There are 2 protein chains.
Amino acid sequence: MSLRYALLGIISKKPATGYDVVRIFKEQMVYFWNSTHSQIYTELNRMDQESLIDHELVIQQNSPNKKIYSLTDQGRKELVRWMMEQPLKPAKIKDEFLIKAAAFNVLSLPEMIQLVDEVIKRETRVHEMTVQWKDQYMNGEESDTGTILTLEYGIRYSKMYLEWCEWAKAYLEQFYKENDK
Amino acid sequence: MSLRYALLGIISKKPATGYDVVRIFKEQMVYFWNSTHSQIYTELNRMDQESLIDHELVIQQNSPNKKIYSLTDQGRKELVRWMMEQPLKPAKIKDEFLIKAAAFNVLSLPEMIQLVDEVIKRETRVHEMTVQWKDQYMNGEESDTGTILTLEYGIRYSKMYLEWCEWAKAYLEQFYKENDK
DNA sequence: AGGCGCATGTAATTAGTTACATGATTCA
DNA sequence: TGAATCATGTAACTAATTACATGCGCCT
C-alpha cells in the first residue's frame, strides 16, 4: 500500500509518466524503495480510477503514446494525510549479502574475502553513480528539498556500507591469522 | 526464496526452534532481513520435507512441545552452494520514512521537523538496543564471526541514520529561514 | 482478571516478481 | 543486425502479511 504514496510523492513534484517513475525509482530511490514497471503501471491505473491522479494522453508519432499523470487535489490531500497521520512503519530491508555475511561460519577465509570484494565492487559503482547524480542535480536549476535529502542519504548509506566492508575485511584477516596458527 | 537461506544460516550456527528463529530475526537481523512467524514455520516445514534440515521433537509438560531443527549435510551443502554460486542480488529496501522525506515538498517546516523527530526517537531506541545486544554478545562465551560482523553493521547503520537525521534537521531549518524571509 | 512468554500452525488476502506481448527509432 | 531507449500493458506465479486458532504457566 505504500507504493501508492511513493508514486504520489514523485508525481507531486512534477507531472510524470509511468516510464519516468520507473527511471526515478532506479536512479534516485534505490536506497529506500524499489518496484517494477508492471506494479507501477497497475497502481497508476488504479489511482487514476480513484481520482487521486489524472492524466493527459500525449499522442506521439516518433515514439509510443504516453500518459502524463498529475496529482489531483484529492491525491495531494491523501498524500499529506498519510504522511502526517499514518504511524511510521519500521523499514523493511532485504539484503542478501548480509545474510551471506551472517552465515560466514560455513566458509573459508578466502571465500569470505571473495564475497566481500564482490560487494565492494558493486557498492562502489552505486556510490559513484549517486554522487554523480547529486552533482548533476545540484548544478541544475531544479532544487527540491526531498530530493536533496534523500540523495544525501544515499551517499551516506553507500559510504557507510563501503567502510563497513573494509572494516570487515580487516577484521576477518586479523581474526583468522590469529586463530589458524 | 532467500528466506530459506537466512534460516539455513541461522540453524547452521546452532540447532534452533521456529520460535528461536523469530526472536533472532527481531533482535539481531532487523537491519537486513525480516519475516513473520507464519512464513518461518511454513518454510521450516518445507525444508524439513526436502531434507535440508531435520528436527528432534521435544515433549514438554510446562510449556508447549517444540521442534529443534538442525542442518543436514545436504542443507549445509545447499547453503554453501547458494553463498558461493548464486550471483548477488542488490538489496531491496522499503523505508517508509524516506518516501515521506522524499515528499517533504508538500509539508510545512514544522511538519517536516515533527516527522524527523519521531524517526530520531525510534531510531535511537533501536540503536541503543543493538549496542546493548552487541555488548552482551561480546561478553558472552559464544563468538560467531557472522554475528559480530552483522551486529557491527547494525550499529554503523543506525548511527549513519541518526547522523543523517540531525544533518537533515539543520539543513531544513537553515533552508527555510533563508527562503521564507 | 488480564497480559506476556512460550510454542506452532493454517487460511485468506495483498504485494511483488517474472514472463508474455508489442513496436517504432536510434546508435554502434 | 542487434541492442538500447521509449512506452504501456496483462497474466501467471511466488512471497509476504494479517487474521484466525489454541492453550498452559507466570507475574502483577
Side-chain angles (χ1 to χ4, degrees), chain A residues 1-7 10-11 15-27 29-30 32-50 53 55-69 86-87 89-96 99, chain B residues 1-7 10-11 15-27 29-30 32-50 53 55-69 86-87 89-96 99:
Chain A
M1 192 72 318
S2 8
L3 168 63
R4 146 164 313 204
Y5 300 101
L7 298 175
I10 290 170
I11 297 170
T17 65
Y19 195 84
D20 292 336
V21 170
V22 172
R23 204 167 7 83
I24 290 170
F25 267 117
K26 273 199 293 221
E27 281 177 0
M29 297 171 82
V30 255
F32 58 96
W33 208 267
N34 62 86
S35 189
T36 53
H37 84 273
S38 68
Q39 209 186 357
I40 289 165
Y41 285 115
T42 307
E43 188 62 30
L44 286 172
N45 278 318
R46 212 178 288 157
M47 291 200 290
D48 201 348
Q49 274 168 35
E50 294 177 31
I53 53 180
H55 70 270
E56 185 200 348
L57 183 66
V58 177
I59 315 279
Q60 300 181 118
Q61 60 277 64
N62 285 359
S63 38
N65 299 338
K66 60 182 177 183
K67 293 180 183 173
I68 300 179
Y69 290 100
Q86 276 308 107
K89 279 187 212 148
K92 279 176 196 171
I93 304 171
K94 299 278 165 97
D95 188 328
E96 274 200 353
I99 90 149
Chain B
M1 192 73 315
S2 9
L3 169 64
R4 149 162 313 203
Y5 300 101
L7 299 175
I10 291 169
I11 298 170
T17 66
Y19 195 85
D20 292 334
V21 171
V22 172
R23 204 167 8 83
I24 290 170
F25 266 115
K26 272 199 294 221
E27 281 177 2
M29 297 171 84
V30 255
F32 59 97
W33 208 267
N34 63 86
S35 189
T36 52
H37 82 274
S38 67
Q39 207 186 359
I40 289 164
Y41 285 116
T42 308
E43 187 62 30
L44 286 172
N45 277 318
R46 211 176 291 156
M47 291 199 290
D48 201 347
Q49 274 167 34
E50 294 177 32
I53 53 179
H55 70 268
E56 184 200 350
L57 182 67
V58 177
I59 315 279
Q60 299 180 116
Q61 60 277 65
N62 286 358
S63 37
N65 297 339
K66 60 181 176 183
K67 294 180 183 174
I68 300 178
Y69 290 100
Q86 275 312 104
K89 279 189 212 146
K92 278 176 198 169
I93 305 170
K94 299 278 164 97
D95 188 326
E96 274 200 354
I99 91 150

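Quick note on labels: first sequence line is chain A, next is B, and so on, each numbered from 1. Predicted, not measured: the structure shown is a model, and the values here were computed from it.
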Which one, C:dT18, D:dA19, D:dA7, comes nearest to the side chain of A:Gln60? D:dA7
Of the listed D:dA16, D:dA7, C:dG9, the closest approach to the A:Lys66 side chain comes from D:dA7
Grab the CZ-P distance between A:Arg23 and D:dA7 for me, whole Å please. 8 Å
Pairwise 5' ranking along DNA chain D for A:Lys67 and B:Gln39, keeping only the more 5' one: A:Lys67
From the list D:dA15, D:dT18, D:dC6, which nucleotide is the closest neighbour of the side chain of B:Thr36? D:dT18
I want to confirm an ordering. Mapping A:Arg46 and B:Asn65 to their closest nucleotides on DNA chain C, which one lands closer to the 5' end? B:Asn65
A:Lys89 side, atom NZ; A:Ser2 side, atom OG - distance, nearest 0.5 Å: 5.0 Å
One should read off an interatomic distance between A:Ile68 CD1 and A:Ile11 CD1, to the nearest 0.5 angstrom, of 11.5 Å
Rounded to whole Å, the CD1-C1' distance (A:Ile68 to D:dT8) equals 14 Å
Proximity to the side chain of A:Tyr19 - top-ranked nucleotide from D:dG9, C:dG9, D:dC6: D:dC6
Whole angstrom value for the distance that separates C1' of D:dG9 from CG of A:Leu57: 14 Å
Between C1' on C:dT18 and CD1 on A:Ile40, what's the gap in Å once rounded to a whole number? 15 Å
Does A:Thr17 use its side chain to pair, donor to acceptor, with the backbone of A:Asp20 at less than 3.5 Å? yes
What integer distance in Å separates A:Lys94:NZ from D:dA15:C1'? 8 Å
Residue whose nearest DNA chain D nucleotide is more 5′ - A:Ser38 or A:Pro64: A:Pro64
Can you tell me the distance, in whole Å, between the CD1 atom of A:Ile59 and the P atom of C:dA24? 16 Å
How many Å lie between CD1 on A:Ile93 and P on C:dG16, as a whole number? 15 Å
Tell me: CG of B:Asn34 to C1' of C:dA15, nearest whole Å? 14 Å
What's B:Lys89 touching, base or sugar-phosphate or nothing? Going by heavy atoms closer than 4.0 Å. nothing
Does a side-chain N or O of B:Lys92 approach OP1 or OP2 of C:dG16 to a distance below 4.0 Å, or not? no
Is B:Tyr41 close enough to C:dT8 that one of its side-chain N or O atoms is under 4.0 Å from OP1 or OP2 there? yes
Nearest-nucleotide pick for A:Ser63, side chain only, options being D:dG25, C:dT17, D:dA7: D:dA7
Rounded to the nearest 0.5 Å, the CD1 atom of B:Ile10 sits from the CD1 atom of B:Ile40 at a distance of 7.0 Å
Distance from B:Arg23 atom CZ to B:His37 atom NE2, nearest 0.5 Å? 15.0 Å
